[in-house]
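Heads up, the thing below is written out as structure tokens.
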Amino acid sequence: MTLHLRRVQLLLLSLGITFVLLRLWLHNFPNTDLNVGAYNIHHLFTGLLLITLSGIPLAIFQGQRRWLDFAALVFGIGLSLALDEWVYLITTDGTNASYLLPVSFWGGVVMAGLACGYALMLVFLSAIIHRKPKGESNV
């Protein structure tokens, strides 16, 4: 199993940038809602759709394909959208006002941070597993 560092970078960057931009946008425009008919579609659900659309190809295909790099980018965006609302929807009443509460913000920070930490831990473990013993050459 090989590590694809470009995809790790795309995942971490898209997750972090999406979280920051989303929080800034919704802090400045807290009543921005996506309504389909009578239903309010939280960005958690949009994130789950993006995770599904991009995660399945990432799980099935391998290789150095540009569209898989794009899938990793979309996966990070979707993951950020979903994790940002996870604690918010569990701990609050789900209103726009409660999205701005500290529990919502810090819950999102912790969840996105855990996801980034998990990805970095996998990179670290991969480096340990694939490290060559001292004295072993590449020949």
- Item | side chain to side chain contact (heavy atoms under 4.5 Å, CB included) between L34 and N40, worked out | CA-CA 6 Å; L34 173 61; N40 181 295; over 6 Å; no

- Message: Using the rule given for side chain to side chain contact (heavy atoms under 4.5 Å, CB included), can you reason through D84 versus M111, listing the C-alpha separation, both sets of side-chain angles and the distance that settles it, and then say yes or no?
- Response: CA-CA 7 Å; D84 177 60; M111 295 311 300; over 6 Å; no

- Query: Between L58 and L68, is a side chain to side chain contact (heavy atoms under 4.5 Å, CB included) present by the stated rule, with each step listed?
  - Reply: CA-CA 6 Å; L58 286 170; L68 287 175; 4.3 Å; yes

- Query: Is there a side chain to side chain contact (heavy atoms under 4.5 Å, CB included) between V103 and T92 once you walk through the steps?
  - Reply: CA-CA 8 Å; V103 69; T92 72; 3.9 Å; yes

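With hydrophobic clusters built from ILVMFWY side chains whose heavy atoms lie under 4.5 angstrom apart, V74 shares a cluster with F61. Connection of V123 to L73 is not established within any shared hydrophobic cluster, with ILVMFWY side chains joined at heavy-atom distances below 4.5 Å, either directly or through further cluster members. Residues F29 and L24 are members of separate hydrophobic clusters, defined by side-chain heavy-atom contacts under 4.5 angstrom among Ile, Leu, Val, Met, Phe, Trp and Tyr. A continuous path of Ile, Leu, Val, Met, Phe, Trp and Tyr side chains, each step under 4.5 Å between heavy atoms, connects I90 with F45, placing both in one hydrophobic cluster. V36 is connected to L50 through a chain of hydrophobic side-chain contacts under 4.5 Å among Ile, Leu, Val, Met, Phe, Trp and Tyr, so both are in one cluster.
Separation of the Y99 and H42 ring centroids does not fall under the 6.0 Å cut-off.
Among all heavy-atom pairs drawn from A72 and S14, the shortest one is O-OG, 4.1 Å. Nearest heavy atoms, P30 versus L100: CB-CD1, 3.8 Å. In terms of heavy atoms, A71 sits closest to S54 at O-CB, 3.2 Å. Residue L44 comes nearest to A82 through the heavy atom pair CD1-O, 3.2 Å, listed as atom of the first residue, atom of the second, then distance. When all heavy atoms are compared, the tightest approach of H43 to L26 is CE1-CD1, 3.6 Å.
Within the model, atoms CZ of F75 and CG of L53 stand 12.0 Å from one another, a figure rounded to the nearest 0.5 Å. Distance check: L22 CG to S80 OG gives 6.5 Å after rounding to the nearest 0.5 Å. Put simply, CG on D93 and CG on L101 are 8.0 Å apart, with the number rounded to the nearest 0.5 Å. Here the CD1-OG1 distance, from I77 to T18, works out to 4.5 Å after rounding to the nearest 0.5 Å. Residue L10 holds its CG atom at 12.0 Å from CG of L15, rounded to the nearest 0.5 Å. Atom OH of residue Y88 and atom OG1 of residue T95 lie 5.5 Å apart, to the nearest 0.5 angstrom.
Put simply, the side chain of I51 does not reach to within 4.5 Å of the side chain of L81, judged on heavy atoms. The side-chain heavy atoms of Y118 and L114, taken from C-beta on, include no pair separated by under 4.5 Å.
Counting only N and O atoms by type, the side chains of H4 and Q62 include no donor and acceptor under 3.5 Å apart.
Here the side chain of H27 pairs no donor or acceptor atom with the backbone of R23 at under 3.5 angstrom. Using a distance-only test at 3.5 Å, with no hydrogens or angles considered, a donor-acceptor pair links the side chain of T91 to the main chain of V87.
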